[in-house]
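So that the names make sense, note that chain A is the first sequence line, chain B the second, and so on, each numbered from 1.
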Amino acid sequence: MYNQILSSLNDFINNDLSFDSDQKKTLLNKHKLTLTDSLQKGHWTTNICLIASNLAKKKPQDIAAALISKLESQRDISKVELAGPGFINIFLTRKVFLKQIDDAHKNPNSFVDSSRASKEKIQIEFVSANPTGPLHVGHGRGAAYGDAIGRILQRLGHEVSKEYYVNDAGRQIDILACSIFLRKFECFGDESFPNAAYKGSYIIEIAMSIEIDEAFPQSDKEKLISNLSDDDEEKIDELIERIKTNYSSSWLLIRDFGLEYVIKSIKGDLTQFKVIFDNWFFESSLGELTDKKSEISQALDQVKKEHAYEKNGAVWLESTKFGDDKDRVIIREDGRGTYLSADLAYHRNKLDRGFDTIINVWGSDHHGYIKRIEATIEAMGYSKKQMQVQLVQFANLLENGSKVKMSTRSGNFYTLKQLIDDIGPDASRFYYLSKQADQHLDFDIGVARSNSKDNLYYYVQYAHARICSVEKKYLELGMSLPSKFNDADFEGCDELLQMALNAQFVIKSSGENLQPHIIVYYLRDISQSFHQFYNSVNILNAKKSEQNNIVRTLMIVKSVIASSLELLGIEPLDSM
RNA sequence: GCGCCCGUAGCUCAGCUGGAUAGAGUACUUGGCUUCGAACCAAGGGGUCGGGAGUUCGAAUCUCUCCGGGCGUGCCA
C-alpha cells in the first residue's frame with residue numbers, strides 16, 4: 001500500500017500541479033507519507049499540501065481538493081480527509097488495512113521506498129580499546145552501540161563489516177610489557193610499584209602464567225631499579241629502555257605473551273557480550289616507519305609530497321588547510337611517528353578497501369580528534385564525507401542511586417565481564433542502548449537487576465513472554481494459530497496493529513540516524529500498548545471470529561518485539 | 001580564549017531532517033486478580049520546553065544572543 005500511495009502522490013506532483021521543475025523537485029524530496037499515530041487520523045497521512053502551499057504561496061486547502069479526489073478514486077481507499085493545518089489523512093478499507101499487515105508480516109521491507117532504496121558497503125569500527133587490560137563498563141557502551149548499529153544497517157540491506165582496531169604498537173604496549181616484567185621478577189613492592197605502570201591484578205595473573213628461562217639475579221634487580229627519575233613518566237620510560245636493552249629475549253617473550261593474553265581476554269568478554277567482529281586489524285601490520293616500503297611509510301610519503309613541511313626537526317601535516325585548528329606533527333623530532341601517523345595510514349587502508357562509508361565509534365573525549373582525522377583524509381585525497389564519527393559518552397554506573405566507585409589508577413575498576421556476570425548480556429545491552437549514545441547515561445545496576453516496574457527491560461520481555469504463554473495455552477486447547485486476518489468487524493486490535501506496522505519506519509529511522517535508542521523507546525511503547533490491550537480483552541472466551549484476529553494480532557506483535565530486540569542483540573524470552 | 005555537547009513535569013528521560021492537543025517512566029493518591037502470566041492495568045493532579053530576540057501561515061525543533069552545566073583543546077594514545 002505504501003508504494004502504491006506514494007506513486008499516486010508523486011504522480012500528483014508531476015502531472016497535476018502547475019509547478020516549475022525546481023518546485024517539483026523540492027516537493028518530491030520533502031514530502032512525507034507516514035503512518036498516523038492514531039486511527040482517528042486514518043491510516044496514512046501526508047504533509048504534501050503543507051509543503052506545496054509554502055512553495056506556491058497558496059492555501060493548503062486550495063491544493064488539497066484535487067489530491068483528495070484523486071486519492072478517493074482509488075479502490076483500496078475508503079475516505080480521504082483534510083485535517084489540522086493541512087494534512088491529508090487517508091483511510092484504507094478495513095480489508096486492505098488488515099491485508100497490509102499480513103503482507104508486512106511476511107515481508108518486513110514492504111514499506112521500503114523502492115525509488116530511493118540504496119545498498120551500501122559500510123564498515124563500522126568500534127571498541128578498539130587498547131589491549132593493555134580488561135574491558136571496563138565504559139567500553140561496554142561502545143560495544144553495544146556499534147554492534148546494534150551493525151545489525152540495524154544490515155537489516156536495512158547494507159553490507160556491514162565490523163572491525164576492531166588493535167593498538168598493538170607503541171608506548172602503551174611497552175608499559176604493559178614492562179609492568180608484567182616488574183611483577184614477574186618482583187622488582188618492586190606493592191607500595192613502591194611505579195605509578196605509571198599498570199597496577200591491576202590481571203598483570204600479576206599474566207606474570208604468573210609466563211615461563212621464562214633467563215636468569216635474573218638479585219644484583220641485576222638492584223641495578224635495574226637504581227637511579228631512576230622521580231618523575232612517573234620518565235621513570236617508566238627509563239625502566240622500559242633498560243629492560244629492552246639488557247633482557248631483550250625476556251622482553252620480547254613477555255610482550256608477545258602479555259599482548260596475546262589480553263587480546264584473548266578481550267575477545268572472550270566480547271563473545272560473552274555477543275559482539276563478534278568480522279575483522280581484527282593490528283596497528284603493527286602497518287609496519288615501521290624505518291621500513292620505506294611499509295604501509296605507514298607510504299601513506300606518510302603520499303601526504304608529505306604536498307601537504308607537509310619540516311619545522312623544529314619534526315614533520316608537520318598542514319591540516320589547517322583542511323579545516324583543522326592547527327597543524328599537526330606526524331613525525332617526531334626523534335624520527336618516531338605519532339599516533340596520528342598510524343591513524344592516517346589506517347584510514348587510508350580502510351578507504352582503499354572500497355567501503356562507501358566508514359563509521360568510527362569513538363569515546364566522546366576524542367571529539368577534538370575528529371577535525372584532525374578529517375583533515376588527514378582530505379590531505380590524502382579522499383572525501384571526509386566518506387567517514388562518519390559517532391561519539392559515545394561514558395556511562396555512569398550507579399547502584400540504587402549512588403555512584404559505583406571506579407578507580408583506574410589502582411586497577412580496581414568494574415569490568416565489562418563483571419557487569420555481564422551480574423545482570424546478563426541482554427539486560428546490559430538494553431540499558432546501554434536506552435539513551436542516545438553521545439549523551440551521558442546513568443546506568444543503575446540495582447534497577448537492571450530488580451524485577452520491579454522500574455525495570456524497563458523486563459517490562460518489554462514480559463510482553464513477549466506473555467504472548468508466548470497465550471499462544472501455548474491456545475495450542476493446548478487444540479486450536480491452531482491463524483495464518484491471516486478474517487473480516488470480522490471487531491476493531492479492538494487496530495490501534496495496536498497500526499503501531500506494529502510502524503516498526504519498519506522506526507527501524508529505518510534508527511538506521512539512518514545511527515541511533516538504536518529509537519528502537520528501545522519503540523519497544524517500550526509497543527509493549528505498553530500490548531499490556532493495555534491484553535488487560536482489555538478476554539482472549540480465550542472471545543467469539544471465534546474475533547478470537548482469530550486477536551490471536552493473529554498477538555502473533556504479529558510478538559514477532560515485531562522479537563525482531564526489534566534481535567536488532568539490539570537481545571534474545572527475546574519465551575518465559576521468565 | 002576557541003571548539004563540540006547538554007538544559008523539556010519533583011526526579012530519570014523521549015520528542016529536535018519545522019507541523020495536528022508537548023509525551024513516557026518514576027514518585028504521590030485511589031481502584032482492579034475464584035478463568036488466558038498482577039514482573040500487569042485503570043483513574044487523578046503535575047510544564048514560562050533555561051531567559052530573550054529573530055525567521056515562518058506554524059518553533060521544544062531552525063538562526064542569533066545571554067545564563068547555567070559537561071567535555072576537548074600534547075612532538076599522549
Side-chain angles (χ1 to χ4, degrees), chain A residues 29-30 32 36-38 40-41 45 47 50-51 53-54 57 59-60 83-87 89 128 130 132 167 169-173 175 233 283 311-316 325-326 328-343 363-372 391 393-394 398 401 434-436 438-442 444 447 450-463 465-474 476-477 509 512-513 517-518 520-522 524-525 527-528 530-542 550-551 554 575-576:
Chain A
N29 276 325
K30 285 185 80 174
K32 281 187 288 196
T36 62
D37 54 6
S38 155
Q40 286 170 0
K41 299 177 188 166
T45 188
N47 61 352
L50 286 161
I51 308 277
S53 81
N54 244 336
K57 306 290 171 207
K59 284 185 186 165
F87 291 101
N89 291 342
S128 299
N130 283 340
T132 53
N167 294 108
R171 183 164 175 264
Q172 75 283 355
I173 298 303
I175 297 176
E233 300 299 326
E283 182 186 348
K311 194 178 93 183
N312 303 335
V315 178
W316 296 70
D325 304 324
K326 52 180 278 195
R328 307 288 171 177
V329 170
I330 45 178
I331 299 175
R332 283 183 267 229
E333 215 177 334
D334 62 9
R336 289 171 19 231
T338 58
Y339 183 79
L340 185 62
S341 64
D343 235 12
S364 62
D365 53 333
H366 285 65
H367 75 75
Y369 198 68
I370 298 177
K371 270 190 185 170
R372 215 173 301 179
L391 297 176
Q393 189 67 251
F394 289 117
L398 306 176
S434 66
K435 218 186 146 181
Q436 207 167 314
D438 60 358
Q439 285 171 37
H440 286 283
L441 169 75
D442 285 333
D444 196 317
V447 171
S450 77
N451 43 12
S452 69
K453 183 166 177 162
D454 325 328
N455 194 337
L456 192 55
Y457 171 67
Y458 280 108
Y459 184 76
V460 171
Q461 289 286 19
Y462 184 42
R466 252 182 158 179
I467 297 175
C468 291
S469 176
V470 174
E471 285 182 357
K472 200 175 150 202
K473 204 87 181 180
Y474 195 76
E476 277 168 12
L477 293 170
S509 153
E512 282 171 356
N513 297 300
H517 80 281
I518 295 175
V520 173
Y521 283 92
Y522 173 71
R524 180 199 65 188
D525 291 342
S527 300
Q528 182 173 44
F530 158 74
H531 286 306
Q532 288 164 356
F533 175 74
Y534 182 86
N535 273 277
S536 71
V537 290
N538 191 328
I539 302 161
L540 297 179
N541 295 327
I550 292 171
V551 175
L554 295 188
S575 67
M576 47 197 282

Just to be sure I understand the rule, does [X] reach a base, reach only the sugar-phosphate, or reach nothing, if contact means heavy atoms closer than 4.0 Å?
{"X": "A/Ser575", "value": "base"}
{"X": "A/Ala463", "value": "nothing"}
{"X": "A/Gln528", "value": "sugar-phosphate"}
{"X": "A/Thr45", "value": "base"}
{"X": "A/Asp343", "value": "nothing"}
{"X": "A/Val537", "value": "base"}
{"X": "A/Tyr462", "value": "base"}

Check the distance between B/C40's P and A/Tyr458's OH and give it to me in whole angstrom. 13 Å
Of A/His531 and A/Ala83, the one whose closest RNA chain B nucleotide lies more 5':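 The residue mapped nearer the 5' terminus is A/Ala83.
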Between A/Tyr534 and A/Ser527, which is nearer to the 5' end of RNA chain B once each is assigned its nearest nucleotide?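 Mapping each residue to its closest nucleotide by heavy atoms, the 5'-most match is A/Tyr534.
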What are the atom names and distances for every N/O pair under 3.5 Å that joins the protein to nucleotides 28-35 of chain B?
{"from": "B/U35", "atom 1": "O2", "to": "A/Asn541", "atom 2": "ND2", "distance (Å)": "3.2"}

Assigned partner base of [N], Watson-Crick or wobble definition, under 3.5 Å:
{"N": "B/C13", "result": "B/G23"}
{"N": "B/G46", "result": "none"}
{"N": "B/G72", "result": "B/C2"}
{"N": "B/G7", "result": "B/C67"}

For [N] versus [M], give the span between their [atom1] atoms, rounded off to a whole number of Å.
{"N": "B/A9", "M": "B/A22", "atom1": "C1'", "answer": "11 Å"}
{"N": "B/C16", "M": "B/U34", "atom1": "P", "answer": "43 Å"}
{"N": "B/C33", "M": "B/G70", "atom1": "C1'", "answer": "48 Å"}

Locate the shortest heavy-atom distance separating A/Ser364 from A/Gln393; write the atom from each residue and the value.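 Scanning both residues completely, I find the closest heavy atoms to be OG-OE1, 3.0 Å.
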A/Gln172 versus A/Asn167, closest heavy-atom pair with distance: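 Smallest interatomic distance, heavy atoms only, reads NE2-O, 3.2 Å.
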What's the closest nucleotide to the side chain of A/Leu50 if the choices are B/C13, B/G37, B/G19?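 Shortest atom-to-atom distance from the side chain points to B/G19.
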If you draw a 6.0 Å radius around CD in A/Glu476, do more than 12 non-hydrogen atoms from other residues or ligands fall strictly inside? yes
If you restrict it to nitrogen or oxygen atoms, what contacts under 3.5 Å exist between nucleotides 70-77 of chain B and the protein, and what is each distance?
{"from": "B/G70", "atom 1": "O2'", "to": "A/His440", "atom 2": "NE2", "distance (Å)": "3.2"}
{"from": "B/C71", "atom 1": "O2", "to": "A/His367", "atom 2": "NE2", "distance (Å)": "3.1"}
{"from": "B/C75", "atom 1": "O2", "to": "A/Glu333", "atom 2": "N", "distance (Å)": "3.0"}
{"from": "B/C75", "atom 1": "N4", "to": "A/Asn312", "atom 2": "O", "distance (Å)": "3.3"}
{"from": "B/C76", "atom 1": "OP2", "to": "A/Arg332", "atom 2": "NH1", "distance (Å)": "2.3"}
{"from": "B/A77", "atom 1": "OP1", "to": "A/Arg332", "atom 2": "NH2", "distance (Å)": "3.2"}
{"from": "B/A77", "atom 1": "OP2", "to": "A/Tyr339", "atom 2": "N", "distance (Å)": "3.1"}
{"from": "B/A77", "atom 1": "O3'", "to": "A/Gln172", "atom 2": "OE1", "distance (Å)": "2.9"}
{"from": "B/A77", "atom 1": "O3'", "to": "A/Gln172", "atom 2": "NE2", "distance (Å)": "3.2"}
{"from": "B/A77", "atom 1": "O2'", "to": "A/Asn130", "atom 2": "ND2", "distance (Å)": "2.9"}

Ignoring backbone atoms, test whether A/Gln532 places a side-chain nitrogen or oxygen under 4.0 Å from the OP1 or OP2 oxygen of B/A42.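 Yes, such a contact exists.
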